[in-house]
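To start, the structure under review is shown below, and the notes come after it.
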Amino acid sequence: GEIQVAIEHSKERCYTLSTASATRRETLEADLRGALAERQRLDESLNLLHRRRLDEKARADSENENRARARQALEDEQREAQAMQQRVLQLREEMQRHLALSLIHI
């Protein structure tokens, strides 16, 4: 009698503990799945941010290259304009010399 009651009570307790353990395991597994899903979302967000940063850097590099090319073209044009100005002054001096020589011979 008493032993049988103790055995039944022990079985019930084991069943209760087993059920509680299974429930806790399911909860932990669900929490783990949630954490993994959250990590996956965070990884995707980080990858997106990284791609955006790379795109922005590429765009900035391209703009810097364009500015450098424009600056170089401007400097080239300025050098060319100075060379033309120099040539104009040279031609003016030559014409004045030529005129002066012409006037001397008259």
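For clarity, every value in this text was computed on a predicted model and none was experimentally measured. Every heavy atom of this structure was used, including side-chain atoms; hydrogens, water molecules and symmetry mates were not.
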Requested in this report: Might you confirm whether atom CD of Gln85 has over 12 heavy atoms from other residues, nucleotides or ligands at distances under 6.0 Å?
Outcome: no
**Report entry** Ile7 side, atom CD1; Gln4 side, atom CD - distance, nearest 0.5 Å
**Finding:** 5.0 Å
**Report entry** SB check Asp76 Arg79 (cutoff 4.0 Å)
**Finding:** yes
Report task. Check the surroundings of atom CD in Gln86: do more than 12 heavy atoms from other residues, nucleotides or ligands lie under 6.0 Å from it? Result -> no
Query raised in the report: Can you tell me how far the CG atom of Asn64 sits from the CZ atom of Arg71, to the nearest 0.5 Å?
Result: 8.5 Å
Requested in this report: Take Lys57 and Asp61 through the test salt bridge (charged side-chain N to carboxylate O under 4.0 Å, His left out) and record every step on the way to the result.
Outcome: CA-CA 6 Å; Lys57 184 183 180 329; Asp61 288 348; 3.0 Å; yes
Query raised in the report: Please walk me through it: do Asp43 and Arg39 pass salt bridge (charged side-chain N to carboxylate O under 4.0 Å, His left out)?
Result: CA-CA 6 Å; Asp43 283 346; Arg39 179 179 172 195; 3.7 Å; yes
Report task. Go through Glu44 and Arg41 one step at a time and tell me if the salt bridge (charged side-chain N to carboxylate O under 4.0 Å, His left out) criterion holds. Result -> CA-CA 5 Å; Glu44 289 169 5; Arg41 280 192 297 275; over 6 Å; no
Query raised in the report: Got a donor-acceptor contact below 3.5 angstrom from the Ser102 side chain to the His98 backbone?
Result: yes
**Report entry** Worked verdict on Arg69 versus Asn66 for side chain to side chain contact (heavy atoms under 4.5 Å, CB included)
**Finding:** CA-CA 5 Å; Arg69 272 196 294 275; Asn66 289 341; 2.5 Å; yes
Query raised in the report: Atom NE2 of His50 and atom CG of Asp55: how far apart are they, to the nearest 0.5 Å?
Result: 10.0 Å
Query - Spacing of Arg87 atom CZ and Glu80 atom CD [to the nearest 0.5 Å] - result: 14.5 Å
Report task. Check whether more than 12 heavy atoms from other residues, nucleotides or ligands sit under 6.0 Å from atom CZ of Arg67, and answer yes or no. Result -> yes
Requested in this report: Check whether any side-chain N or O of Thr27 sits under 3.5 Å from a backbone N or O of Thr23 as a donor-acceptor pair, and report yes or no.
Outcome: yes
Query raised in the report: Which is it for Gln90 and Glu94 under the side chain to side chain contact (heavy atoms under 4.5 Å, CB included) test, yes or no, and what are the steps along the way?
Result: CA-CA 6 Å; Gln90 204 176 10; Glu94 286 176 14; 4.1 Å; yes
Requested in this report: Please check if atom CG in Leu89 has more than 12 non-hydrogen atoms from other residues, nucleotides or ligands closer than 6.0 Å.
Outcome: yes
Query raised in the report: If you measure from CD on Glu56 to CZ on Arg53, what distance do you get to the nearest 0.5 Å?
Result: 9.0 Å
